[in-house]
Novice: 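Quick one: the structure is below, and I'll ask about it shortly.
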Amino acid sequence: MRHLLDTTDLTLGEIDEMVALAMDMIADGEKYAHICDGKKLATLFFEPSTRTRLSFEAAMYELGGHVLGFSEAASSSAAKGETVSDTARIVSGYADIIAMRHPLEGAAKVASGKALVPIINAGDGGHAHPTQTLTDLLTIYREKGSFENLTIGVCGDLKYGRTVHSLIKAMCRYKGVRFVLIAPKALQVPDYMITEVLEPSGAPYTFAETIEEAIEQLDILYMTRIQRERFPSKEEYLKHKGAFILDLKKLEKAKADLTIMHPLPRVDEIAVEVDEDPRAKYFEQARNGKYIRMALIYMLLQWRNTSQPSEEENIIESGLCANPHCISNFETLPHLSTLTKQQDIRRCIYCETKTK
Ligand code: CP
């Protein structure tokens with residue numbers, strides 16, 4: 001059975017196939033109106049969401065299926081102490097496929113080990129949000145017609161922003177893509193993104209501290225929110241709030257065919273005046289989320305009898321994970337690490353934090 005825990009679970013060929021299917025679903029929705037008749041999607045959202053949960057639910061209805069689930073941990077038995085492992089096992093008796101969002105990193109991975117149906121990671125803490133990345137890829141494809149030869153500026157909270165990490169991991173696999181990482185030093189991408197993702201991929205990257213110094217060269221500007229909920233303290237968050245605000249003045253030197261993206265929700269990082277600029281594509285991006293999730297649900301259901309490609313041949317026992325948000329510190333799970341392809345680096349199998 002296949003799950004979607006991170007975008008790297010998909011080959012480039014499978015991503016192309018999914019994007020092509022989503023494009024066909026956009027062009028001829030009627031053709032797909034009954035392909036999931038009788039199937040049920042469970043949306044288990046232990047964290048708030050508007051776009052992801054509702055677009056998953058809309059996607060399943062568009063395919064003729066049904067939806068069940070909850071939108072907050074408080075209305076599930078998690079409030080009584082039920083584990084993710086048990087929840088996943090139980091719900092897989094009620095649904096054919098599960099989309100799950102959880103604040104703990106590695107939660108979807110744990111669910112995939114217990115569920116009898118495909119698990120889709122709809123966001124696990126600061127770790128990964130692969131269906132946002134697929135949404136972003138569909139948007140890039142619709143706007144640019146290709147994933148190659150693009151200069152992508154990612155701006156804002158690059159430290160805690162899971163959407164940015166997933167996007168960089170996905171896009172660095174394409175030819176001719178270069179990145180401009182726009183953030184104050186304190187919010188730059190974590191070191192592992194440089195040493196284990198960007199450097200090995202060979203994709204060129206530069207750093208910038210302001211939008212103005214980067215804007216002229218960009219084909220895509222991907223804005224992100226400062227992730228208040230992931231900061232260790234309110235004081236720390238307030239230091240960075242409002243650090244980057246895109247307005248029409250900052251767009252004066254931008255290319256005429258720049259694509260401005262944002263996973264949303266925004267706080268104040270894109271001024272409302274930008275919304276009517278033809279280069280602003282973030283509302284279209286949110287709409288694309290429904291179509292790519294339609295394609296994903298259908299493909300995962302089709303793949304039920306194929307096995308998950310595994311890179312975890314080198315699994316070894318390890319101590320407690322150092323990441324305080326890792327699910328292995330909250331549920332009774334074996335403490336395991338995987339040896340990555342890079343020399344001797346061990347990572348927690350749940351949240352991918354470096355272990356000793
Ligand atoms: N982009 C995104 O994940 O939005 P939601 O939190 O509203 O699902």
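When reading the values below, keep in mind they use all heavy atoms of this one structure, side chains included, and skip hydrogens, waters and symmetry mates. Nothing fancy with the numbering, it's 1 onward along the sequence. Whatever order the structure lists them in is the order used to number ligands and atoms, beginning at 1.
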Novice: For atom CZ of Arg173, is the number of surrounding heavy atoms from other residues, nucleotides or ligands below 6.0 Å larger than 12?
Specialist: yes
Novice: Honestly, is Arg293 close enough over Phe56, meaning NZ or CZ under 6.0 Å from the six-membered ring centre and within 45° of the axis?
Specialist: yes
Novice: Would you give the length of the straight line joining atom OG of Ser328 to atom CD1 of Ile349, rounded to the nearest 0.5 angstrom?
Specialist: 8.5 Å
Novice: Hey, could you give me the OG1/CD distance between Thr83 and Glu331, rounded to the nearest 0.5 Å?
Specialist: 4.5 Å
Novice: Given Arg266, which of Thr224, Val274, Val272 fulfils the side-chain contact (heavy atoms from CB on, under 4.5 Å) condition?
Specialist: Val272
Novice: So which protein residues pack against ligand 1 under 4.0 Å, heavy atoms counted?
Specialist: Ser49, Thr50, Arg51, Thr52, Arg101, His129, Gln132, Pro263, Leu264
Novice: Just checking, Arg347 and Tyr192: is the charged tip under 6.0 Å from the six-membered ring centre and within 45° of the axis?
Specialist: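 The answer is yes, since Arg347 meets both limits relative to Tyr192.
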